[in-house]
Number of protein chains: 2
Amino acid sequence: MSESAGALTQLRAWLAQRELGENTRLPPERELCALLGVSRGDLRKGLEILEREGVIWRRVGKGTFLGIPPADETWSLSSTVERSSPAEVMRARIKLEPALAFEAALHATKAHLEEMRRCINAGQAATTWREYETCDNRFHKTVAEATGNTVLTALFDQLNAVRRAVVWKRERTGPEGPPADHHSHAEHRRIFDAIASRDAREAEAAMRAHIEKVSVKLLQVAAEAEVE
Amino acid sequence: MSESAGALTQLRAWLAQRELGENTRLPPERELCALLGVSRGDLRKGLEILEREGVIWRRVGKGTFLGIPPADETWSLSSTVERSSPAEVMRARIKLEPALAFEAALHATKAHLEEMRRCINAGQAATTWREYETCDNRFHKTVAEATGNTVLTALFDQLNAVRRAVVWKRERTGPEGPPADHHSHAEHRRIFDAIASRDAREAEAAMRAHIEKVSVKLLQVAAEAEVE
DNA sequence: CGCTTAACCAATAGCCGATTGGTCAAGCCA
DNA sequence: TGGCTTGACCAATCGGCTATTGGTTAAGCG
């Protein structure tokens, strides 16, 4: 019987002796190996097994704890933004937003439909790109809310935040406003009609077509900017 | 004409002179009022107007910046968790994870495939529910990473965090470990095979079937717990 | 009464050192 | 030879400290 196995049994005994509740921190390895009278290497082998078993979790600079590692709540948006490209963001939108439209067609309320209609009309009447973007944002946000699913809505918010941050770096387009026959207007209308008529498949397809078109436009502009 | 109004016009002129891009930081108030030759009180009145106009935004200890205040990056996970149900979480998984599997089939590297295989094998060899869950988590996480899309991976992390927080309260099942013929094992294998053979449609379908099955199980258990 | 000035408050950032898990290499011993 | 021990170092994290900065208040002054 190797010494490392002995360290594991000692460790188990030490844990069993004191009935420690979940999420309690146990002594640092350098102390613990002294307490148990085993070498740090053997102690770490035992801890590794306990970690695989899910009994403990460890973090550098923090310590070793009992129970399940807590969810990382401090997800820094910027950390994702820095490593992500516009192409990735649009790819994610193509995956997520059609699914949202599908669900929205099933669960949208009258209030949601009215809000969507307002956004479409306001978007067509917009004279500034920034104003149009606000309406566009609000429309897609409303579709997400129309799913009636708070988790899906939260995911959309996250994606939207990343999107805004990534596109943020791009230079502002010229002073001229969005044209009245901008392709997005008709596409938004098609999405709205599908959701209003509870045609989930059509809503999904319409949203996918819309995002794909926007994506192509965006990446074209990005490519042109790269050539310069 | 009061001095405070003069400070505002000076401030506007100063900003117009140098064509500063969005999100650039301008000097601290104590410096700026010296540069413009106005008192801090008057400068602050001007800044207050610009802030109401949406030209700048300010934050204590940070500074004054041009443009729109950044979205709140500290998205509190708990706020979503409190208003969401397990059913919503599973519904979101059904929407997101098949899409991830689809992308994973297109972009997975050898390293990802090996990691998936390791997770499947370790999951089958697991003797504890907790240990099995760890392997399961790691498998799904690897699928997300295999998309090669940092944004999609980040979205998965968010959803996963919510999921774990929501399911957190459920009591641990008995001391007996997961059975060797647990349905998830075969389903994971099917997903892996599809991804490894680059069959995106099959990967998507396999993942959807898997999540739906897990979802049904989970909601059954939840319903039983509610009856008690 | 309004402006100026100064001081103070609270939030933020940056720095440095201590702590801690993770890793590696040399040495040691059976 | 192979495993264990030891020590050192690395990277992440935390806590304390200081400096900076927007926000606020109060006294002074014309």
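Order of the sequence lines fixes the chain letters, A, B, ..., with proteins taken first and strands second; residue numbering starts at 1 for each chain. None of the values given here were measured: they were computed from a predicted structure.
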Going by distance alone, is a donor N or O of one side chain under 3.5 Å from an acceptor N or O of the other, for B:N149 and B:H107? no

Identify which one of B:N137, B:T142, B:D136 satisfies the side-chain contact (heavy atoms from CB on, under 4.5 Å) criterion when paired with B:H140. B:D136

Could you tell me the separation between the CG atom of B:D42 and the P atom of C:dT5, rounded to a whole number of Å? 10 Å

To the nearest Å, how far apart are A:L26 CG and C:dT19 C1'? 15 Å

For B:S39, side-chain contact (heavy atoms from CB on, under 4.5 Å) partners two or more places apart: B:D42

Are A:T64 and C:dT20 close enough that a side-chain N or O sits under 4.0 Å from OP1 or OP2? no

note: B:L11, atom CG; D:dG22, atom C1'; distance rounded to Å ~ 15 Å

Could you tell me how far apart A:L50 (CG) and C:dG21 (C1') are, to the nearest whole angstrom? 15 Å

Ion pair present between B:E97 and B:R208, side-chain N to carboxylate O less than 4.0 angstrom? no

Could you check how far CG of B:L43 sits from P of D:dT21, rounded to whole Å? 14 Å

Go through it in stages, so that I can follow the logic: the residues are B:N121 and B:R118, the test is side chain to side chain donor-acceptor pair (under 3.5 Å), and I'd like the CA-CA distance, side-chain angles, deciding distance and then a yes or no. CA-CA 5 Å; B:N121 292 335; B:R118 265 195 300 273; over 6 Å; no

Within the structure provided, determine whether A:T127 and A:Y132 are in side-chain contact (heavy-atom separation under 4.5 Å). no

Integer-rounded Å distance: C:dG21 C1' and A:E31 CD: 14 Å

Starting at atom CZ of A:R44, determine the distance to atom C1' of D:dC4, rounded to an integer number of angstrom. 15 Å

Does the side chain of A:T150 pick up a donor-acceptor pair with the side chain of B:E88 at under 3.5 Å? yes

Picking from C:dT20, C:dG21, D:dT21, which would you name as closest to the side chain of A:R25? C:dT20

Presence of A:K45 side-chain N/O under 4.0 Å of D:dG3 phosphate oxygens OP1/OP2: no

Can you tell me how far C1' of C:dT19 sits from CG of A:L32, to the nearest Å? 16 Å

Protein-to-nucleotide contact annotation, 5' to 3' order, nucleotides 6-18 of chain D [B base; S sugar-phosphate only; - none; under 4.0 Å, heavy atom]: S-BB-BBBS----

